[in-house]
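Every chain is numbered from 1, with letters handed out A, B, ... down the list of sequences. All values derive from a computational prediction rather than experimental measurement.
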Amino acid sequence: MAHTDPLIDVNRLANTAALPPLPRDFYHRDTLAVARDLLGCRLVRYYEGELMIAKIVETEAYRGSEDSACHAHRRKTPRTEAMFGPPGHAYVYLVYGMHWLLNVVTQPEGNPCAVLIRAVEPVSGEAAMRALRDVKGRNLTNGPGKLTRALRIDKTLYGHDMTQPNALWITAGTPPDAVASGPRVGIDYAQPTDRDAPWRLWSEGNPWVSKTR
DNA sequence: AACACGATCCCCT
DNA sequence: GGGGATCGTGTTA
């Protein structure tokens with residue numbers, strides 16, 4: 001399907017110079033700072049000739065060995081291996097047998113932290129995002145499992161280097177006017193201090209933010 | 001057995 | 001159109 005969005009010049013897609021990836025140093029920092037600074041940035045997905053762009057509006061920080069909610073808090077396993085690697089790579093995993101969730105690895109190599117992308121707002125290529133299935137309105141991308149489906153993100157992107165303008169990366173955007181925070185979603189198994197930590201961040205007032213349980 | 005979730009019910013405004 | 005229950009699905013520790 002050819003996109004007709006006037007904001008995107010098809011000729012620029014080949015070199016993607018207009019959408020430079022955030023550099024590795026961006027991710028080589030405190031996880032909560034990265035989670036905050038990713039709000040307003042744009043997730044870029046190039047898949048089968050389609051360019052899809054979506055603004056990040058909700059994130060969660062997962063802070064390694066000291067965070068009992070983090071998958072990597074005990075030891076390295078085949079699943080969590082990517083989190084122990086260098087920052088700027090994708091940590092993608094399956095939950096509940098059917099939903100892929102996208103994280104970006106942060107902090108120096110060996111410190112297994114990541115930021116979960118929980119919700120995005122379509123900016124361009126929305127028709128391609130909707131092509132896969134019939135969903136109404138904001139159900140397209142207002143949750144961590146919904147956005148991966150819309151953007152065709154699955155295990156094939158496990159460990160993918162997101163600092164290169166290829167297949168999946170993040171480019172800078174406009175920070176939100178206000179950032180709100182609260183406890184992370186779906187981590188009842190964590191220690192109380194971790195469970196209650198306000199490490200879920202979102203763009204205040206943005207209607208694409210996920211609905212919590 | 002539990003899981004960083006979503007779709008589909010049902011019922012209530 | 002929204003809150004609550006329920007179940008699907010396959011990987012993980």
Side-chain angles (χ1 to χ4, degrees), chain A residues 27 31-32 34-36 38-39 43 54 56-85 87 89-107 111-122 129-160 162 168 170 180-203 205-213:
Chain A
Y27 302 103
T31 307
L32 195 57
V34 175
R36 179 198 63 220
L38 280 174
L39 295 174
L43 185 60
I56 297 170
V57 300
E58 180 181 350
T59 58
E60 281 178 0
Y62 285 88
R63 311 182 81 178
S65 56
E66 294 173 19
D67 175 8
S68 62
C70 181
H71 288 161
H73 91 104
R74 285 192 183 281
R75 67 191 147 274
K76 189 198 263 188
T77 67
R79 177 174 68 151
T80 61
E81 187 178 9
M83 260 198 281
F84 288 82
H89 289 253
Y91 167 52
V92 179
Y93 72 96
L94 186 66
V95 268
Y96 301 108
M98 53 190 111
H99 308 298
W100 296 101
L101 268 56
L102 171 67
N103 300 250
V104 193
V105 176
T106 60
Q107 304 275 26
N111 186 354
C113 302
V115 172
L116 171 66
I117 310 296
R118 277 197 60 88
V120 299
E121 173 181 350
M129 298 181 206
R130 290 190 186 278
L132 192 63
R133 66 203 169 115
D134 182 32
V135 277
K136 296 213 166 164
R138 295 176 185 131
N139 285 328
L140 183 65
T141 57
N142 69 347
K146 299 176 193 176
L147 72 91
T148 55
R149 202 152 153 83
L151 298 174
R152 319 296 206 274
I153 292 165
D154 62 18
K155 66 177 176 191
T156 62
L157 289 165
Y158 184 90
H160 178 80
M162 296 178 68
L168 179 68
I170 298 172
S181 66
R184 294 169 293 180
V185 178
I187 54 157
D188 290 348
Y189 58 87
Q191 297 297 315
T193 48
D194 296 327
R195 193 186 56 213
D196 301 337
W199 295 344
R200 170 179 174 241
L201 306 176
W202 66 93
S203 300
N206 187 292
W208 292 82
V209 170
S210 73
K211 296 168 173 51
T212 57
R213 282 152 127 54

Could you run down the sub-3.5 Å N/O contacts of the protein with nucleotides 4-13 of chain C?
unit_1	atom_1	unit_2	atom_2	d
C/dT9	O2	A/Tyr96	O	2.4
C/dA13	OP1	A/Thr77	OG1	2.8

Between the protein and nucleotides 10-12 of chain B, list the N/O to N/O atom pairs that are separated by less than 3.5 angstrom.
none

Start with the C-alpha gap between A/Val34 and A/Val104, add the side-chain angles, then the distance that decides, and say whether side chain to side chain contact (heavy atoms under 4.5 Å, CB included) holds. CA-CA 10 Å; A/Val34 175; A/Val104 193; over 6 Å; no
Evaluate the criterion side chain to side chain contact (heavy atoms under 4.5 Å, CB included) for residue pair A/Leu101 and A/Thr148; output intermediate values, then yes/no. CA-CA 7 Å; A/Leu101 268 56; A/Thr148 55; 5.5 Å; no
One pair to check against side chain to side chain contact (heavy atoms under 4.5 Å, CB included): A/Trp199 and A/Thr31. What are the steps and the verdict? CA-CA 10 Å; A/Trp199 295 344; A/Thr31 307; over 6 Å; no
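Residues of residues 135-146 of chain A that place a heavy atom closer than 4.0 Å to DNA chain C do not occur.
Stacking between A/Tyr189 and B/dA2 is absent: the aromatic ring centre is not both under 5.5 angstrom from the base six-membered ring centre and within 30 degrees in plane angle.
Residue A/Arg195 places its CZ atom among more than 12 non-hydrogen atoms of other residues, nucleotides or ligands, all under 6.0 Å distant.
Residues A/Cys70 and A/Met83 meet the side-chain proximity criterion, which asks for heavy atoms closer than 4.5 Å. A/Leu43 is listed as a side-chain neighbour of A/Leu102, based on a closest heavy-atom distance under 4.5 Å. Between A/Leu151 and A/Thr141 the shortest side-chain heavy-atom distance does not fall below 4.5 Å. Using a 4.5 Å heavy-atom cutoff, the side chains of A/Val115 and A/Tyr27 are not in contact. Within the 4.5 Å cutoff, no side-chain heavy atoms of A/Ser68 are placed close to those of A/Tyr189.
Scanning DNA chain C for stems, defined as runs of 3 or more consecutive Watson-Crick or G-U wobble pairs whose donor-acceptor distances all fall under 3.5 Å, gives the following ranges: B:1-3 with C:10-12, B:5-12 with C:1-8.
Checked by atom type and distance alone, the side chain of A/Tyr62 never pairs as donor or acceptor with a backbone atom of A/Ala72 at under 3.5 Å.
Residue-level contact check: A/Arg200 touches neither bases nor backbone, having no heavy atom under 4.0 Å from any strand. Residue contacts for A/Ala190: at a heavy-atom cut-off of 4.0 Å it reaches no nucleic acid atom on any strand shown.
Residues satisfying the side chain to side chain contact (heavy atoms under 4.5 Å, CB included) test with A/Thr77, not counting sequence neighbours, are A/Arg75, A/Arg79, A/Thr80. Residues passing the side chain to side chain contact (heavy atoms under 4.5 Å, CB included) test with A/Arg133, sequence neighbours excluded: A/Val135, A/Lys146, A/Arg149.
One interatomic measurement links the two molecules: OH of A/Tyr62 to P of B/dC3, which rounds to 12 Å at whole-angstrom precision. Distance A/Ile117 CD1 to B/dC5 P: 14 Å, rounded to the nearest Å. Rounded to whole Å, the distance from NE2 on A/His73 to P on B/dC3 is 12 Å.
Close to B/dC5, at under 4.0 Å from its OP1 or OP2, lies no side-chain N or O of A/Arg149.
Of the candidates A/Asp67, A/Asp194, A/Asp196, A/Arg184 forms a salt bridge (Lys or Arg N to Asp or Glu O under 4.0 Å) with just one, namely A/Asp67.
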